[in-house]
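Please read through the structure below; I'll follow up with questions.
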Amino acid sequence: MQIICPGCGNYTVFTPDLEMCSNCGRRFKNARGIFDFVDSSDRSDERSFYDKAYTASKKDVTTKQTVDSVWPLWESPDAPENKIVFNRLGNLKGKTVLLLGNGESVKELFFVKMSPEHLIYSDLSTHALENIRERFDLDQYHQNLSFAAIDAHTIPFPDESFDVIYGFAMVHHLPDLDLFFASVIKALKPGGFTIFMDDAYAPLWHHSKQTWLKSFMHMSHKKTGISPEDYRFSMSGGFKENDLADKIRSAGGRPWFCRTSLLTYLYYRGVRKLMPVKLSTVFYSRSLSNAIRSLDTILCRIPLLNKNQIRLIWGFSKSQG
Ligand SMILES: C[S@@+](CC[C@H](N)C(=O)[O-])C[C@H]1O[C@@H](n2cnc3c(N)ncnc32)[C@H](O)[C@@H]1O
Ligand SMILES: [Zn+2]
């Protein structure tokens, strides 16, 4: 695999030990050894929001966690979308995989156990990547796992580099979807595919946020903070399948979509925002979670509610050529 130097456009063989561009001398790694392929002026508001957020979430680590320990996250009762995403991914053995905007989400570290040829874990912010590296024991994966700051609009790898490009809760942070889709289609190998997860346009939920939940939503944004791009998306109400499909087809991809979670989403969101943490074992108990999930599935057979499911798992494939 090769990397394109953001400074001079030169192609260089990409290895975890690569330090600088042999053509222009640009250093590829920051002082903490994380690749940084983002130009400092790019997405500076969004990057500085997340740099601060991930600096604040840094923890003192005494014992590093193993990659095996993340598996239960794929089966979390509060996030049925996780399992759907995982099943959609299929076998990653021998594949080149790029994770975009992965922040400090750890469930994706499990992919390295699936023997990919190379897994690139990226985000706009280097700070997120530093946190992950500090928390996990990753020495044995040194040859096929790299951490790199990348702006998803300008993927710095040559055409046809990846079998799979993945982004969980990140595409809605991108202000230019046309540029993003063009960049992704180029970077995919023929027959390669993408998997994303974001919030869908759900009229009932959107209307509620614009009316009776409005002040509550503003309070929540004030308390926890919201990035500039997240705020823009939240006000727009979520992704509509038809809009995405048009853009994806124009870029040359074949789109697919799947929605899940209405009652489950609202229930766990309410629990997280309103209930004391010490009661979480009750609200997250297996029996209650199963009951909520089953009721959600039944309710979503009603067409009106079906169209209001909030989690959108989606993506596209690139034809074989
Ligand atoms: C809501 S967080 C999701 C993080 C992670 N995927 C997760 O599921 O927890 C959105 C992430 O997108 C990243 N992001 C925002 N703009 C980006 C861009 N232009 N390119 C790549 N990542 C970006 C942010 O740094 C942030 O980590
Ligand atoms: Zn260069």
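First listed ligand is number 1; within each ligand, the first listed atom is number 1. Every value quoted in this text rests on a predicted model; they were computed, and no experiment measured them.
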Should you measure from each heavy atom of S105, which atoms of ligand 1 turn up under 4.0 Å away?
-> 5 (C), 7 (C), 8 (O), 9 (O)
For atom 18 (C) of ligand 1, the option (of L174, D123, V106) bearing the nearest heavy atom = L174
Could you list the atoms of ligand 1 found under 4.0 angstrom from a heavy atom of Y54?
-> 26 (C), 27 (O)
L100 near ligand 1, heavy-atom distance under 4.0 Å?
-> no
Mark up the atoms of ligand 1 that fall under 4.0 Å of a heavy atom belonging to I150, in ascending order.
-> 20 (N), 21 (C)
Any heavy atom of H153 sitting closer than 4.0 Å to ligand 1?
-> yes
Go through ligand 1 atom by atom and flag the ones less than 4.0 Å from a non-hydrogen atom of D151.
-> 18 (C), 19 (N), 20 (N)
Looking at L100, L99, D123, which hits side chain to side chain contact (heavy atoms under 4.5 Å, CB included) with I150?
-> L100
Check ligand 1 against E46 and write out every atom of the ligand that is under 4.0 Å from a heavy-atom position of the residue.
-> 15 (C), 16 (N)
Does K113 count as lying over the ring of Y141, i.e. NZ or CZ under 6.0 Å from the six-ring centre, within 45 degrees of the axis?
-> no
Do any nitrogen or oxygen atoms of F168 lie less than 3.5 angstrom from nitrogen or oxygen atoms of ligand 1?
-> yes
Mode of Y50 contact toward ligand 1 - side chain, backbone, both, neither (heavy atoms, under 4.0 Å) = side chain
Give a yes/no on ligand 1: does F49 have at least one heavy atom closer than 4.0 angstrom to it?
-> no
Which ligand 1 atoms are under 4.0 Å away from a heavy-atom of A169?
-> 1 (C), 2 (S), 3 (C), 10 (C)
